[in-house]
Amino acid sequence: MSPLLFGAGLVVLNLVTSARSQKTEPLSGSGDQPPFHGADRYDFAIMIPPGGTECFWQFAHQTGYFYFSYEVQRTVGMSHDRHVAATAHNPQGFLIDTSQDVRGQINFSTQETGFYQLCLSNQHNHFASVQVYLNFGVFYEGPEIDHKQKERKQLNDTLDAIEDSTQKVQNSIFHMWRYYNFARMRKMADFFLLQSNYHYVNWWSTAQSLVIILSGILQLYFLKRLFNVPTTTDTKKPRC
C-alpha cells in the first residue's frame with residue numbers, strides 16, 4: 001500500500017471517530033488567534049437513541065464553579081425506564097462525578113483550565129429513546145480573570161465598591177436564571193407526563209368501549225337464540 005493511500009485512510013478514520021461525539025466548542029484556533037471558548041452556559045434538549053451516548057465539552061478556567069443539571073422529559077419506544085447515566089471528566093480525562101437518575105446535578109470547582117467533558121448514556125434502555133433537557137456551564141464568583149497576566153490599574157474605593165455591587169447583582173441574577181431553568185425542566189417533564197396519560201386514558205377508554213359494545217351484541221345474540229321457537233309440522237314435532 002502506498003504512503004498516500006495510507007495517509008488518506010488515517011484522515012477518513014479520524015473524521016469518522018470525531019463524528020461520533022458532539023462538542024460545544026472547538027479545541028484550538030488557527031494562527032495566532034486564541035481558541036474560541038464559546039458561551040459560559042448552555043441549555044437545550046437532546047434525544048438519545050436506545051443504548052446510545054452523547055458527549056459535550058465545556059471550556060472552563062481555573063478557580064471557576066462548574067454546574068451540570070439534567071432531567072429526562074420523556075421516553076419514546078417500548079420501554080418506559082427514564083433513568084440515564086451522567087458523567088463528568090476533567091481536561092485530563094479523569095472521572096469527577098457520576099449520576100444515575102431521572103434528574104440530577106453534578107457541581108464542582110474547576111481546579112484546572114481546559115475543556116471538561118460531560119456525557120449522558122441511555123444504557124438502561126435498549127428499546128426506547130429518551131429526551132433529556134440539559135443545563136450546564138461555568139461561572140466565577142470573583143472579578144473576571146486576567147488571562148494575559150497584565151497588571152490592572154489601581155482603582156479608587158468608589159469604583160471598587162461599584163464593581164463589587166455589580167458583581168453581586170450579576171451573581172444573584174445568574175442564580176435566579178438557574179432556578180428558572182429548573183422550573184422549565186420540571187414543567188416540560190410534567191407536560192409530557194400529562195400528555196402521555198391523556199393518550200393512555202383515551203386509548204383504554206376506546207378499547208373498553210369496544211369491548212362493552214361487543215359483549216352487548218354477543219349477549220343479545222345468545223338471548224335471542226334462547227327464545228327461538230322452532231317451527232312444528234306433522235312429521236316434525238318437539239319431543240316431550
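Atom CD1 of Ile96 sits about 11.5 Å away from atom CG of Asn107, to the nearest 0.5 Å. The distance from the CD atom of Gln117 to the SG atom of Cys55 is 4.5 Å, given to the nearest 0.5 Å. Between the CD1 atom in Ile213 and the CG atom in Leu218 there is a gap of 12.0 Å [rounded to 0.5 Å]. Note that CD of Gln100 is 9.0 Å distant from NE2 of His83, once rounded to the nearest 0.5 Å. If you take OG1 on Thr53 and CD on Gln123, they are separated by 7.5 Å, rounding to the nearest 0.5 Å. Put simply, CG on Asp101 and OG on Ser99 are 6.0 Å apart, with the number rounded to the nearest 0.5 Å.
Follow the hydrophobic side-chain contacts under 4.5 Å out from Leu223 and you never reach Leu220; the two are in separate clusters. Met47 and Leu120 are members of different hydrophobic clusters when ILVMFWY side chains are connected at heavy-atom separations under 4.5 Å. Each of Phe127 and Val130 belongs to its own hydrophobic cluster when Ile, Leu, Val, Met, Phe, Trp and Tyr are linked at side-chain heavy-atom distances under 4.5 angstrom.
Under the 4.5 Å side-chain criterion, counting only non-hydrogen atoms from C-beta, Tyr140 is in contact with His61. Using a 4.5 Å cut-off on side-chain heavy atoms (C-beta onward), Gln92 and Glu112 make contact. The shortest side-chain heavy-atom distance between Asn90 and Phe108 does not fall under the 4.5 Å cut-off. Side-chain contact check for Ser69 versus Asn135: some heavy-atom pair is nearer than 4.5 Å. In this structure the side chain of Val138 never reaches within 4.5 angstrom of the side chain of Phe59, judged on heavy atoms.
Taking both residues in full, the closest heavy atoms of Glu54 and Pro49 are given as OE2-CD, 4.4 Å, listed atom of the first, atom of the second, then distance. The shortest non-hydrogen separation linking Ala88 to Ile106 is CB-CG2, 4.1 Å. Considering all non-hydrogen atoms of both residues, Ala60 and Thr110 come closest at CB-CG2, 3.8 Å. Closest approach of Gly52 to Ile48, counting heavy atoms only: O-CG2, 3.5 Å.
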Could you give me the CA-CA distance, side-chain angles and deciding distance for Gln73 and Gln131, then say whether side-chain hydrogen bond (donor to acceptor under 3.5 Å, both in side chains) is met?
CA-CA 6 Å; Gln73 296 180 328; Gln131 179 175 323; 2.8 Å; yes
Check the pair Phe66, Tyr116 against ring-ring contact (aromatic ring centres under 6.0 Å, His included), reporting the backbone distance first and the verdict last.
CA-CA 9 Å; Phe66 201 101; Tyr116 289 80; 5.8 Å; yes
side-chain contact (heavy atoms from CB on, under 4.5 Å) assessment of Leu95 paired with Thr87:
CA-CA 7 Å; Leu95 180 64; Thr87 58; 4.0 Å; yes
For a side-chain contact (heavy atoms from CB on, under 4.5 Å) check, start with the C-alpha distance between Arg41 and Tyr67, then their side-chain angles and the critical distance, and finish with the verdict.
CA-CA 9 Å; Arg41 57 180 180 263; Tyr67 65 92; 3.0 Å; yes
Verdict with reasoning, Ile46 to Leu134, per side-chain contact (heavy atoms from CB on, under 4.5 Å):
CA-CA 8 Å; Ile46 60 171; Leu134 303 176; 4.0 Å; yes
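When atom types are taken as modelled, the side chain of Thr75 and the backbone of Ala128 share no donor-acceptor pair closer than 3.5 angstrom. For the pair Asp81 (side chain) and Asn125 (backbone), a donor-acceptor distance under 3.5 Å is absent. Counting only distance, with no hydrogens or angles, the side chain of Ser121 and the backbone of Ala85 share no donor-acceptor pair below 3.5 Å.
Only one option out of Tyr133, Phe56, Tyr70 pairs with Phe44 in a ring-ring contact (aromatic ring centres under 6.0 Å, His included); it is Phe56.
Ring to ring, Tyr42 and Phe136 are close: their centroids are under 6.0 angstrom apart.
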